[in-house]
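Just so it is clear, the structure is predicted and the values come from calculations on it, not from any experiment.
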Amino acid sequence: MRTISVKAPAKINLTLDVLGKRPDGYHEVEMVMTTVDLADRLELTVLDSDEIRIQSEHAYVPNDHRNLAYRAAELLRERFNIQQGVEIVLDKQIPVAAGLAGGSSDAAATLRGMNELFSLNLSLEELAELGAEIGSDVSFCVIGGTAIARGRGEQLEMIPAPPPCYVVLGKPKLGVSTADVYRAVRMDEVDHPNTSAMVEAIRQKDFHGICENLGNSLESVTLKLHPEVNQIKETMRHCGAEGVLMSGSGPTVFALIEHEQKAHRVYNGLKGFCPEVFVVRILGKRH
C-alpha cells in the first residue's frame, strides 16, 4: 500500500475587490492572497478497489462529492484513466466555512498528492489549471505563496511574500455561504480596496503599508448578515492589532501583528467569546 502525506495550508485575503458580475454568473474579482501556517493534513493511500474514500473525524466534513478533495480525486481519476482507488484521511485543523479556503486547500493538496502517488508528472501550473475546474480558490492553493488573483480567482500573478509577522485568526460560531454573500453584493455600494498600493507595500516589505491597505469588498455585506463578526474586529483593534480584516466571504477575521507578545494579548482578548482562535505566522512561500 503506497501512502503519502500532504499539507494543505489556509489562505487569507489581504485585499478582495469585487469588480462586477460576469456572464457566467460568477463575479469578476481582483485579490491579493497569501498562505498562513494553519493547515489540514491529508494522508492519501492507493486502494485496490475502484473507489474514493474520505475519512475524517470532523462532524461537518462530507465524505462524498460535496467534499472538494473527493472531487479533485475524481477529476484526476477520470482525466488520466486511473484504475485504482484512493483513500484520503483528512486531519482537519482549518475551520469549516470560514473564508480560509480550507476545502479548496484540501482539493489542492489532493491534486498534488495524487500527482505524486500515481506518477502523473504534472507541473504545479498544470495542476492549478485542473484546480480551476473544481473551485475558484483551488488554483491558488495548488501553488501557494502570495499572488494577485483575477478572473474568478483562477488567473494568478505570483508576487513576493509579505514580511514575516504573526496572524491571529478569530472565527465566530457560524458558517458563511460564499454564494449567499456574493448574491447580496450591490455593485453601487461596493468599497474597492487599493490593490496596487497593497502590492507595492508587499514588494517594499512595508508592514505598516500592508496594514493600511487591507480591504475586502465583501466585508460590509457579511457584517450586515452577521453583526457578531464586527465584535471580533473591534476586540482585535482594542487589543492593539495593527491591521484587521475579514478573510474571503467570512466569517473569520484576521489581525496582522508584528510582535509575539501583542499577538498573545489579542488571542487572550478573543478567547472569552470567540470559539475558534489561532495564532499563526504568515507563510507566503510557494509549495
Between atom OH of Tyr267 and atom SG of Cys274, what is the distance when rounded to the nearest 0.5 Å? 10.5 Å
More than 12 heavy atoms of other residues, nucleotides or ligands under 6.0 Å from NZ of Lys271: yes or no? yes
Within residues 228-241 or reaching into it, pairs that qualify as side-chain hydrogen bond (donor to acceptor under 3.5 Å, both in side chains) - sequence neighbours excluded: Glu219-Lys233
Ala147 and Met158 have their tightest heavy-atom pair at CB-SD, 3.7 Å
Pairwise distance CD(Glu116) to CG(Asn121) - rounded to 0.5 angstrom: 10.5 Å
Can you tell me how far OG of Ser196 sits from CD of Glu200, rounded to the nearest 0.5 angstrom? 8.5 Å
So which pairs with a foot in residues 93-105 pass side-chain hydrogen bond (donor to acceptor under 3.5 Å, both in side chains), sequence neighbours left out? Asp91-Gln93
What residue pairs, at least two apart or across chains, pass side-chain hydrogen bond (donor to acceptor under 3.5 Å, both in side chains) with a residue in residues 142-156? Glu30-Arg150, Thr34-Thr146, Ser136-Arg152, Arg150-Glu157
Tyr166 and Val279 have their tightest heavy-atom pair at CD2-CG1, 4.1 Å
Are the side chains of Glu74 and Ile52 in contact, using a 4.5 Å heavy-atom criterion? yes
Has Gln204 got a side-chain atom pairing as donor or acceptor with Ala201's backbone, closer than 3.5 angstrom? no
Separation between CG (Leu117) and CD1 (Ile4), nearest 0.5 Å, reads 5.0 Å
Val229 vs Met246, test: side chain to side chain contact (heavy atoms under 4.5 Å, CB included). Steps then yes/no. CA-CA 8 Å; Val229 175; Met246 184 185 83; 4.3 Å; yes
Whether the side chain of Thr15 engages the backbone of Thr195 through a donor-acceptor N/O pair (distance < 3.5 Å, no angle test) should be reported. no
4.5 Å side-chain heavy-atom contact, Pro275 and Lys171: no
Between Ile257 and Met236, is there a side-chain heavy-atom distance shorter than 4.5 Å? no
Would the distance check show the side chain of Asp40 and the main-chain N or O of Ala8 forming a donor-acceptor pair, the cut-off being under 3.5 Å? no
Is Leu283 reachable from Leu156 through a run of hydrophobic residues whose side-chain heavy atoms are each under 4.5 Å from the next? no
Please go through Ile210's hydrophobic cluster and name the other residues, only I, L, V, M, F, W, Y counting, with side-chain heavy atoms under 4.5 Å joining them. Ile12, Leu14, Val32, Val36, Leu38, Ile94, Leu100, Ile148, Ile159, Val167, Leu169, Met198, Val199, Ile202, Phe207, Leu214, Leu245, Phe254, Leu256, Phe278, Val280, Ile282
Can you tell me if His27 uses its side chain to pair, donor with acceptor, with the backbone of Val29 under 3.5 Å? no
Show, in sequence, the C-alpha distance, side-chain angles and deciding distance for Phe118 and Val46, and conclude whether the side chain to side chain contact (heavy atoms under 4.5 Å, CB included) test is met. CA-CA 9 Å; Phe118 295 102; Val46 177; 4.0 Å; yes
Would you check if Ile134 and Leu111 make a side-chain contact, meaning some heavy-atom pair closer than 4.5 Å? yes
Taking every non-hydrogen atom, the tightest pair across Gly170 and Leu270: CA-CD1, 4.4 Å
Does Val18 share a hydrophobic cluster with Leu223, counting links as ILVMFWY side-chain heavy atoms below 4.5 Å and allowing steps through other members? yes
Answer yes or no: is there a side-chain heavy-atom contact under 4.5 Å between Asp37 and Lys7? yes
Between Arg71 and His65 (side chain of the first, backbone of the second, donor and acceptor by atom type, cut-off under 3.5 Å), is there such a pair? yes
Measure from the side-chain N and O atoms of Lys173 to the backbone N and O of Glu276, and report whether any donor-acceptor pair falls under 3.5 Å. no
Are Phe140 and Thr35 close enough, and set up right, to give a side chain to side chain contact (heavy atoms under 4.5 Å, CB included), and what steps lead you there? CA-CA 9 Å; Phe140 169 74; Thr35 44; 4.1 Å; yes
With a 3.5 Å distance limit and no angle check, can you tell me whether Asn213 reaches the backbone of Asn194 through a side-chain donor-acceptor pair? no
CG/Asn63 to OG/Ser56 distance, rounded to the nearest 0.5 angstrom? 9.5 Å
Any side-chain to backbone donor/acceptor pair from Lys21 onto Asp24? Under 3.5 Å, distance only. no
Enumerate donor-acceptor pairs with a distance under 3.5 Å from any side-chain N or O in residues 179-189 to protein atoms, sequence neighbours excluded.
{"residue": "Asp180", "atom": "OD1", "partner": "Arg183", "partner atom": "NH2", "Å": "2.6"}

Please determine, by modelled atom types, if Ser217 and Asp17 share a side-chain donor-acceptor pair under 3.5 angstrom. yes
Tell me if the CG atom of Asn268 is crowded by more than 12 foreign heavy atoms within 6.0 Å. yes
Please examine the side chains of Arg286 and Leu124, heavy atoms only from C-beta on, and report whether any two atoms are closer than 4.5 Å. yes
Atom CG of Leu218 and atom CG of Leu225: how far apart are they, to the nearest 0.5 Å? 10.5 Å
Give the intermediate values and the outcome of side chain to side chain contact (heavy atoms under 4.5 Å, CB included) for residues Val142 and Glu125. CA-CA 8 Å; Val142 165; Glu125 284 67 26; over 6 Å; no
Does some side-chain heavy atom of Lys92 sit less than 4.5 Å from a side-chain heavy atom of Asp106? yes
Side-chain contact test, heavy atoms from C-beta onward, threshold under 4.5 Å: evaluate it for Val86 versus Met114 and give yes or no. yes
Checking Lys11 side chain against Ser247 main chain: does a donor-acceptor pair fall under 3.5 Å? no
Using atom types as modelled and distance alone, determine if a side-chain donor or acceptor of Asn13 lies under 3.5 Å from a backbone N or O of Leu16. no
Atom of Arg112, atom of Cys141 and distance for their closest heavy-atom approach: NH1-O, 3.2 Å
Between Gly248 and Asn216, the two heavy atoms sitting closest are O-ND2, 2.9 Å
Least distance between heavy atoms, Ala69 atom then Thr110 atom: CB-OG1, 3.4 Å
Sequence neighbours left out, what passes side-chain contact (heavy atoms from CB on, under 4.5 Å) with Arg53? Give chain and number order. Leu47, Ser49, Glu51, Gln55, Glu87
Over 12 non-hydrogen atoms of neighbours within 6.0 angstrom of OH in Tyr26: no
